[in-house]
There are 2 protein chains.
Amino acid sequence: MQNSFTEENYLKIIHALSGRDGVEVSTNALAESTSTRAASVTDMLRKLADKGLIHYKKYQGVTLTEAGEKVAISVIRKHRLWEVFLVEKLGFGWDEVHDIAEELEHVPSNELVERLDAFLGHPRFDPHGDPIPDAKGNLTDPDYLILTDVGIGEKVLMMGVLDHAPSFLQHLDRSGITLGSVLEITEINEYDKSASVRINGSQTLFISLEVSKNLLVQRR
Amino acid sequence: MQNSFTEENYLKIIHALSGRDGVEVSTNALAESTSTRAASVTDMLRKLADKGLIHYKKYQGVTLTEAGEKVAISVIRKHRLWEVFLVEKLGFGWDEVHDIAEELEHVPSNELVERLDAFLGHPRFDPHGDPIPDAKGNLTDPDYLILTDVGIGEKVLMMGVLDHAPSFLQHLDRSGITLGSVLEITEINEYDKSASVRINGSQTLFISLEVSKNLLVQRR
DNA sequence: AAAAAAATTTAGACTAACCTAAAAAATATT
DNA sequence: AATATTTTTTAGGTTAGTCTAAATTTTTTT
């Protein structure tokens, strides 16, 4: 049988909370992420377990089965491809596309996804720098650094963000930080860990620890 | 409040069955079109009436209110724009897009529709020749003829189809009849009303009454 | 105009996805 | 180790959208 919109969302969220090492996800964490109550989550977990999409033993948290992982990755693939479409083709800002992609990701039809992928030129990353799984479901997380792990004087490339909140993305827009920017930390304030960063070798600007923590970068 | 996927479908179908003159639609007709039972339709009609989207008096059939008409036309606009996208941009055949557009039409976001419309170059017609309502909800049905109303010797332009079934569209593809083809009826068989038609001034082919009845054309 | 047939609505149930309140299990604290 | 706290599950309900079977209204036929 087909998976519902809601089931797909649970699987996607379990995937996200489970991380690359596939750690167990708690009922409460899912209640939080799905904006529902723990009792509702328990109901859904029983259903997903019955369908063979998750490993579930009472009181022990859940992980995805192979089948569940496949569904989750397919949803993620669709989400990220649609985000590319919205930004590249329709001209939306990267801060505007999340909610719309959240709907589009549940539109069924493999043919649609594959044609969309081709139309977009088989992009590898979405507008936030997140990697797009390929048609076979291979999702390789590039091992980016967080800006807080970069020392003074090192030049790094801005590759992605951890926080996708519109307010954060708009803040980056106002600061002139975009994917591909070259960042160089010129100074770190010991007291609050805020930093001075030179962008593309020109203007320098202060960024708070909160911002540094959410910037994914790569050494060159 | 927002309208559900199902509610939008009812409104769209009422619009279609109601025709340009806004005639009452029966419960049974809706049950047929929605593939549900009459009892289920009655329940939904009560709900739509409560929301002010239809005029409904028991046993009397329904028509759309202004508000209901607005919703229906917005759904039709989205459906037809997505069909253009699927055919023009993703390369789907006109026989393959209906079901996918049926899903996409319920994705919310006015911003999305308006940007899609602009991206497509504000198309006036979908791949089946159906007119696309504008952003204000103006939908003007062009007054096409049905091919059965065309006499021998008249040259007409193929402008659209009444039947959207993949099998019918594929039949047209195999016959070499597409939107914009010039059709000239060279002969009508009195016995079964089948016709010989010259296409773009070259090959001539036989078409059955069933086919003629579903071809929308325009005198030039 | 009465009877028969067809269309529609009501009554009572089901499933999916949610809820609250209470019970049970796991974990943390003394 | 016993108690307190937190987490999770169970029990019992709700709403949206569907169903079947029975009742009612409208329409058609005689």
Side-chain angles (χ1 to χ4, degrees), chain A residues 1-15 17-18 23-64 67-68 71-72 75 102-103 105-108, chain B residues 1-15 17-18 23-64 67-68 71-72 75 102-103 105-108:
Chain A
M1 65 208 85
Q2 265 277 121
N3 304 303
S4 72
F5 190 104
T6 308
E7 288 167 344
E8 288 187 349
N9 268 335
Y10 270 87
L11 294 172
K12 186 184 58 169
I13 291 171
I14 293 168
H15 179 92
L17 296 180
S18 200
V23 78
E24 286 80 18
V25 177
S26 75
T27 299
N28 263 358
L30 284 168
E32 167 87 44
S33 291
T34 55
S35 301
T36 63
R37 298 318 184 93
S40 309
V41 172
T42 300
D43 285 349
M44 180 57 79
L45 294 185
R46 271 243 252 79
K47 201 192 342 175
L48 293 174
D50 287 349
K51 292 179 86 170
L53 297 167
I54 58 173
H55 297 293
Y56 172 55
K57 262 183 278 173
K58 288 207 280 187
Y59 296 102
Q60 315 243 125
V62 292
T63 55
L64 296 175
V71 175
V75 175
E102 207 74 9
E103 299 284 332
E105 74 189 8
H106 302 291
V107 172
Chain B
M1 67 208 80
Q2 265 276 124
N3 304 303
S4 72
F5 190 104
T6 309
E7 288 167 345
E8 287 187 351
N9 268 335
Y10 270 86
L11 295 171
K12 186 183 58 168
I13 291 171
I14 293 167
H15 179 92
L17 297 179
S18 200
V23 77
E24 284 81 18
V25 177
S26 75
T27 299
N28 264 357
L30 284 169
E32 168 86 42
S33 291
T34 55
S35 302
T36 61
R37 299 317 188 92
S40 310
V41 172
T42 300
D43 285 348
M44 181 56 79
L45 294 184
R46 268 248 235 61
K47 196 181 2 161
L48 293 174
D50 287 349
K51 292 179 87 171
L53 297 167
I54 60 173
H55 297 294
Y56 173 54
K57 262 183 278 172
K58 288 207 280 187
Y59 298 100
Q60 314 244 124
V62 293
T63 55
L64 295 175
V71 175
V75 175
E102 206 74 6
E103 298 285 331
E105 74 189 9
H106 301 291
V107 172

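Throughout, a chain's letter reflects where its sequence line sits, starting with A, and its residues are numbered from 1. Please read these numbers as outputs of a predicted model, since none were measured by experiment.
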Quick one, [X] and [Y] - any side-chain contact, counting heavy atoms below 4.5 Å?
X       : Y       : value
A:Leu30 : A:Met44 : no
B:Tyr56 : B:Thr42 : yes
A:Asn9  : A:Val75 : no
B:Ile14 : B:Leu53 : no

Query raised in the report: Partners of A:His15 by side chain to side chain donor-acceptor pair (under 3.5 Å), sequence neighbours excluded?
Result: none
Query - side chain to side chain donor-acceptor pair (under 3.5 Å) involving A:Thr34 - partner list, sequence neighbours excluded - result: A:Thr36
Would you please name every residue forming a side-chain contact (heavy atoms from CB on, under 4.5 Å) with [X], sequence neighbours left out?
X        : value
B:Tyr59  : none
B:Ala29  : B:Leu17, B:Val25, B:Ser26
B:Glu103 : A:Val107, A:Pro108, B:Phe5

Query - Where A:Ala38 and A:Ala31 come nearest, the two heavy atoms and their spacing - result: N-CB, 3.7 Å
Please tabulate the protein-to-nucleotide N/O contacts below 3.5 Å involving nucleotides 3-6 of chain D, giving atom names and distances.
none

Query - Partner set under salt bridge (Lys or Arg N to Asp or Glu O under 4.0 Å) for B:Glu102, not counting sequence neighbours - result: B:Lys12
Report task. Compare side-chain N and O positions of B:Arg46 against OP1 and OP2 of C:dT9 and report whether any pair is under 4.0 Å apart. Result -> no
**Report entry** Neighbours of DNA chain D within residues 4-14 of chain A, by heavy-atom distance under 4.0 Å
**Finding:** none
Requested in this report: Enumerate the residues from residues 33-42 of chain B whose closest heavy atom to DNA chain C is under 4.0 Å, giving them by residue number; use none for an empty result.
Outcome: B:Ala38, B:Ala39, B:Thr42
Report task. Would you jot down, in residue-number order, the residues of residues 52-60 of chain A having a non-hydrogen atom under 4.0 Å from DNA chain C? Result -> A:Tyr59
What nitrogen or oxygen pairs link the protein and nucleotides 12-15 of chain C at under 3.5 Å?
none

Requested in this report: Step through the shown structure and confirm whether more than 12 heavy atoms of other residues, nucleotides or ligands are within 6.0 Å of CD on A:Glu32.
Outcome: no
